[in-house]
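What you see is a predicted model; the values in this text were computed from it and never measured.
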Amino acid sequence: MQIFDPHIHFQSASLYDLELMSLAGVKIMVGFSQPAYRFFHSETYLDHYERLLRFEKARAESVGIKTYLAMGISPKAKMTDPFLILESLENYLKLDVVAAIGECGLDDVNDVVELETLKVMFELGRKFKKPVFVDLPEEGKKNAIKKIAKLAEEADIPPKLVVLNGIDLWTALDVQDLPFWFCFNLHTNPAKNFTENILKGDLPLDRILISSNFDPYTKDPLLLPKAILELKLLGYDEVILNKVFNENPKRLFNRE
C-alpha cells in the first residue's frame, strides 16, 4: 500500500531515514516549514523557504518520495514583524509544488498579532485554494478552536480547506461536528491505541489525516508504516487503511 504522509518536517530526517521511509512505502509527503527554531528576522525565514524548495525537496525525491511543500508563518517563530514576508510568501504559494499553508496557528489566543496573522493565512488559503494547517496551543484547545472557526468564517475560507493539526482524540470528539479536517500526529501519540480509536468510526473518516509529524525530536522514521502494520494485524480492512493513509491526503491536497 502506498503511504502519503501529509505533515512532516523532512529537513530533520537524514538521507538514511528518508530511504527507510521510501522502502517501507512512504511515496508521497508534504514537507512543512520548521516551527521549532526561532526565526526572528524575515530574511532568516525566507532563507528557510528557499532551502526547502531548492535543496530539501530534491534530497527527498532522490530516494523516490514525491515531495510537496507547505509554507506559512508559525507563531513559534516569534518574528519581530511577521507581515514583512507576506509578499514573498504569496509568490511561493503561486507555485504548484507548494501544496498547503503551514506551519501556522495559535500559541496565545489573546495575542492580537497571532490572531491577525492566522486570519491572513486563511485569506491566502482562500485565494490560492490551498489547505491551511492550523496548530493548536498546548492548553485551552477548545477555546482556541472557537477562535479559529471565527477567523475562518471572517476570512471566508471554505471549511474543507481548514485542517486542525496535531489535534488529540478527545478534543476531536468534542468538535467533530465542525466541518474541518482533523490531522493526528503519530509523533506525539502512541500508535496502536491512537490509530485504533480513530478508526473505530467515532469520527468522520473522510476528514481524517494521520501523519508522522517527523521532526528533530523523532527517533523512528517508520512511524506511519509501523502503525499500518499494527492495524493490519488487528484486523483492519486495507480499504479503510488506504482511505486514511493515502486517499484522504490525495483528495485534500489534490495531488497524486
(message) Please enumerate all residues that pass side chain to side chain donor-acceptor pair (under 3.5 Å) together with Asp220, with sequence neighbours excluded.
(response) Lys226
(message) Run the side chain to side chain donor-acceptor pair (under 3.5 Å) test against Asp215 and tell me which residues pass, sequence neighbours left out.
(response) His187, Thr218
(request) Using the six-membered ring wherever Trp is involved, compare the ring planes of Phe32 and Phe133 and label them parallel, tilted or perpendicular (cut-offs 30° and 60°). (result) perpendicular
(request) Give me the ring orientation class for Tyr49 and Tyr45: parallel if the planes are under 30° apart, tilted from 30 to 60°, perpendicular past 60°. (result)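 Ring orientation of Tyr49 relative to Tyr45: tilted.
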Working to the nearest 0.5 angstrom, can you tell me the gap between [X] [atom1] and [Y] [atom2]?
X     : Y      : atom1 : atom2 : result
Lys76 : Leu106 : NZ    : CG    : 10.5 Å
Tyr68 : Glu61  : OH    : CD    : 8.5 Å
Ile28 : Ile65  : CD1   : CD1   : 10.5 Å
Ser62 : Leu15  : OG    : CG    : 5.0 Å
Met71 : Leu69  : CE    : CG    : 5.0 Å
Gln2  : Asn246 : CD    : CG    : 5.0 Å

If we ignore hydrogens and angles and just use 3.5 Å, is the side chain of [X] paired with the main-chain N or O of [Y] as donor and acceptor?
X      : Y      : answer
Lys66  : Met29  : no
Ser212 : Leu223 : no
Asn213 : Leu186 : no
Asp135 : Gly105 : no
Lys130 : Ile101 : no

Under the ring pair (Phe, Tyr, Trp, His ring centres under 6.0 Å) test, residues paired with [X] that sit two or more places apart:
X      : value
Phe128 : none
Phe182 : none
Tyr236 : none

(request) Please say whether the positively charged group of Lys250, taken as NZ for Lys or CZ for Arg, lies over the ring of Phe253, i.e. under 6.0 angstrom from the six-membered ring centre and within 45 degrees of the axis. (result)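 Pair Lys250/Phe253 does not count as cation-pi.
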Can you pull the salt bridge (Lys or Arg N to Asp or Glu O under 4.0 Å) pairs that have at least one residue in [range], sequence neighbours excluded?
range            : value
residues 170-182 : Lys142-Asp174
residues 81-93   : Glu90-Lys127
residues 43-52   : Glu50-Arg54, Arg51-Glu56

(message) Lys27: which residues meet the salt bridge (charged side-chain N to carboxylate O under 4.0 Å, His left out) condition with it, sequence neighbours left out?
(response) none
(request) Could I get the full list of salt bridge (charged side-chain N to carboxylate O under 4.0 Å, His left out) partners for Lys232, not counting sequence neighbours? (result)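 Partners of Lys232 by the salt bridge (charged side-chain N to carboxylate O under 4.0 Å, His left out) criterion, ordered by chain and then number, come out as Glu238.
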Indicate if [X] and [Y] have the same hydrophobic cluster label, given that clusters are the connected sets of ILVMFWY residues with side-chain heavy-atom separations under 4.5 angstrom.
X      : Y      : value
Met1   : Leu231 : yes
Leu233 : Val244 : no
Leu20  : Leu18  : no
Phe184 : Leu229 : no
Leu234 : Leu222 : no

(request) List the steps, then state whether side-chain contact (heavy atoms from CB on, under 4.5 Å) holds for Gln176 with Arg207. (result) CA-CA 10 Å; Gln176 63 178 300; Arg207 290 187 283 116; 5.9 Å; no
(request) For side-chain contact (heavy atoms from CB on, under 4.5 Å), just list the numbers for Met79 and Ile85, CA-CA rounded to whole Å, side-chain angles, deciding distance to a tenth of an Å, and then say yes or no. (result) CA-CA 10 Å; Met79 292 183 64; Ile85 69 169; 3.9 Å; yes
Do [X] and [Y] have side chains that approach each other closer than 4.5 Å (heavy atoms only, starting at C-beta)?
X      : Y      : result
Leu86  : Val120 : yes
Phe4   : Leu224 : no
Tyr92  : Leu53  : yes
Trp181 : Val162 : no
Asn143 : Val109 : yes
Phe10  : Asp17  : no
Leu136 : Asp168 : no
Ile3   : Pro225 : yes

Exercise: identify the closest heavy-atom pair between [X] and [Y]:
X      : Y      : answer
Ile145 : Leu178 : CG2-CD1, 3.5 Å
Gln11  : Ser33  : NE2-C, 4.2 Å
Leu93  : Ala100 : CD2-O, 4.1 Å
Val30  : Pro6   : CB-O, 3.7 Å
Ser42  : Leu84  : CB-CB, 4.1 Å
Ala99  : Arg255 : CA-NH2, 3.7 Å

(request) Evaluate side-chain contact (heavy atoms from CB on, under 4.5 Å) for Ile240 paired with Leu199, printing each intermediate quantity in order. (result) CA-CA 8 Å; Ile240 293 177; Leu199 298 178; 4.2 Å; yes
Side chains of residues 148-161: which donor-acceptor partners sit under 3.5 Å, not counting sequence neighbours?
{"residue": "Lys150", "atom": "NZ", "partner": "Glu154", "partner atom": "OE2", "Å": "2.5"}

(request) Apply the test side-chain contact (heavy atoms from CB on, under 4.5 Å) to residues His9 and Phe214: give CA-CA distance (whole Å), side-chain angles for both, the deciding distance (0.1 Å), then the verdict. (result) CA-CA 5 Å; His9 301 288; Phe214 190 101; 5.8 Å; no
(request) Would you kindly say whether Ser211 and Asp5 are connected by a side-chain donor-acceptor distance under 3.5 Å? (result)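 Their side chains do not contain a donor-acceptor pair, so the 3.5 Å distance test is not met.
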(message) Strictly by side-chain hydrogen bond (donor to acceptor under 3.5 Å, both in side chains), give each pair with a member in residues 111-126 just once, sequence neighbours left out.
(response)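 Those involving residues 111-126 do not exist here.
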(message) For Arg251 and Glu247: C-alpha separation, side-chain torsions, deciding distance, then whether salt bridge (charged side-chain N to carboxylate O under 4.0 Å, His left out) applies.
(response) CA-CA 6 Å; Arg251 179 162 50 85; Glu247 292 179 359; over 6 Å; no
